[in-house]
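What you are looking at is a predicted structure, and each value in this text was computed from that prediction instead of being measured. Note that ligands are numbered from 1 as they come in the structure, with each ligand's atoms numbered from 1 the same way.
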Amino acid sequence: MKIINPYRPGAGLMPGVLAGREELIESATEYFESIKNGIPIQSIAFSGYRGVGKTVLLNRLQEIAEDHDISGYHIEIERTSSFIAKLSDCCKKFIRKNSALEKAKNVMGAALDALKSLEISYSPESSDFKLSVQERALYKTSDLSQGLQDLFCSIGEIAKKKKAAICFFIDEFQYISQEEMDAFISALHRANQLSLPIMAVCAGTPEMIKMLYKEKTYVERLFVFPKLEMLNETEVAIAIAEPGKKVGLSFTDGALKEIYNITEGYPYFVQQYGQILCNQISTDRNITEAFAKSILEKYYDELDKNFYMVRFNDRGALEKECLIAMAQADNLPCNISFIAKITGKTTKQIAPTLSRLKNKGLISFENVNEIDYTVPGFSDYIKRNQSWLIK
Ligand SMILES: Nc1ncnc2c1ncn2[C@@H]1O[C@H](COP(=O)(O)OP(=O)(O)OP(=O)(O)O)[C@@H](O)[C@H]1O
Ligand SMILES: [Mg+2]
């Protein structure tokens, strides 16, 4: 009989056990407790490569914040839509939620004015304020930073009066535009200066950290920057064995070690491996090292088909060549002059292609002129397809 699969490979799917994130969860919880008690606190910007578990951690932190009675708002930044519009929608929800209860009408009025001004200026089509042309002209501001600061200050005042707190949970933060980042950071900073109970937890690829540091000198004091790492051997063992236990699986130490070696502690791979293992089990529910090894081919087949191929196949010809050339480097990150040499181009010629690959989240610039894949095992995937290698 087939067993129920307790593993959850997929974007943003909460795993059976969120392994190895206890320390980060503990310190974020302290931040939530602090802001809830009216003590201003830094925001959190955690970074990590694709599939390392940013979204699931962000969602878990939002649950914890809400358990602490903090108003949590989830925003996923997309390149195609305005972050500020989504942010002002969240502020609108907060104002609505509190409008009936708020006695100090002037604070509420200021918040609504700030919201109107921001909406009319930056998303006039979506605005649901019914205003005449003259009124619109009156509210319109040309300074996004000022508009958002006013909004944060006024919703912060409401929160403070109500002994409440607000936290924005922002995913894919690296996709924010420069102008929006500037406005957001300034508004958060102003709220922090005024000891207003507003904070943010932002998740993004390592690119996000570089963008934030470029932004403002005070970013360092406004945020803490934890880095999400791969899981270590013990954490992989927990991520595999604990959900397995619930469906009657047990693992020898050798099997768990082997699974760590195979998945390299990459959370998405751990879930994917677990799922394949469940599909391959016959009657014996005790997983040995030999069994763990025996499903390796199936595991790579699955990863190649569902993980690497989708990233590789959609690329243009020169993009593919660059990805292949990277696999031919002795070490990663590798210098872009190496990629130029292998592809027979100049560094200038490949620069726009590398920039496209970066924007699509396939590679990252590590140091000046050095690049790496954003997911582990990509170079092995290329090497499994020997015929692609450039002679
Ligand atoms: N701490 C963890 N322990 C076990 N599994 C995890 C852990 N974190 C994430 N996973 C699993 O890894 C996979 C990827 O998680 P998630 O989508 O959160 O990654 P991500 O960093 O947001 O990826 P992306 O950058 O592509 O958005 C999911 O299948 C999830 O269940
Ligand atoms: Mg994600």
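For atom 1 (N) of ligand 1, the nearest protein heavy atom (residue, atom name, distance) is Ala19 O, 2.8 Å. Ranking protein heavy atoms by distance to atom 30 (C) of ligand 1, first place goes to Leu13 O, 3.2 Å. Counting protein heavy atoms only, atom 11 (C) of ligand 1 is closest to Gln271 CG, 3.6 Å. Looking from atom 17 (O) of ligand 1 to the surrounding protein, the closest heavy atom is Gly12 N, 2.6 Å. Of the protein's non-hydrogen atoms, Gly51 O, 3.7 Å is the one closest to atom 14 (C) of ligand 1. The protein non-hydrogen atom at the shortest distance from atom 18 (O) of ligand 1 is Val56 N, 3.0 Å. Remark: minimum distance from atom 13 (C) of ligand 1 to any protein heavy atom is reached at Tyr268 CA, 3.7 Å. The protein non-hydrogen atom at the shortest distance from atom 28 (C) of ligand 1 is Gly10 O, 3.1 Å.
The closest side-chain heavy-atom distance from Asp372 to Phe365 is not below 4.5 Å.
Every atom of ligand 1 is numbered from 1 in the order shown, and the set under 4.0 Å from a heavy atom of Ala11 is 17 (O).
Of the N and O atoms on the side chains of Glu66 and Gln62, at least one donor lies less than 3.5 Å from an acceptor on the other residue. Of the N and O atoms on the side chains of Asn286 and Ser250, at least one donor lies less than 3.5 Å from an acceptor on the other residue. Using modelled atom types and a 3.5 Å distance limit, the side chains of Asn335 and Glu370 yield no donor-acceptor pair. Side-chain polar atoms of Thr347 and Gln349 form no donor-acceptor pair below 3.5 angstrom. If you check the side chains of Glu78 and Ser81, you find a donor sitting under 3.5 Å from an acceptor. Using modelled atom types, one finds a donor on one side chain and an acceptor on the other under 3.5 Å when comparing Gln174 with Glu172.
Polar contact check, Leu231 against ligand 1: no nitrogen or oxygen pair lies under 3.5 Å apart. In terms of polar-atom proximity, defined here as any N/O pair under 3.5 Å, Leu18 makes no such contact with ligand 1. In terms of polar-atom proximity, defined here as any N/O pair under 3.5 Å, Gly53 does make such a contact with ligand 1.
Contact annotation: for Pro267 versus ligand 1, heavy atoms closer than 4.0 Å belong to both the backbone and the side chain. Under 4.0 angstrom from ligand 1, the non-hydrogen atoms of Val17 all belong to its backbone. Within the 4.0 Å heavy-atom criterion, neither part of Glu235 lies near ligand 1.
Classified by interplanar angle (parallel below 30°, tilted 30° to 60°, perpendicular above 60°), the ring pair Tyr73/Phe94 is perpendicular.
Proximity annotation for atom 27 (O) of ligand 1: of Arg8, Arg50, Met14, Arg50 comes nearest, heavy atoms only.
Neither Phe152 nor Leu196 shares a network with the other; the hydrophobic side chains, linked directly or stepwise wherever heavy atoms of I, L, V, M, F, W or Y lie under 4.5 Å apart, form separate groups for each.
Ligand 1 lies within reach of Tyr49, whose nearest heavy atom is under 4.0 Å from it.
For Ser43 (side chain) and Ala200 (main-chain N/O), a donor-acceptor pair under 3.5 Å exists by modelled atom type.
Crowding of Asp253 atom CG: a count of heavy atoms from other residues, nucleotides or ligands under 6.0 Å not exceeding 12.
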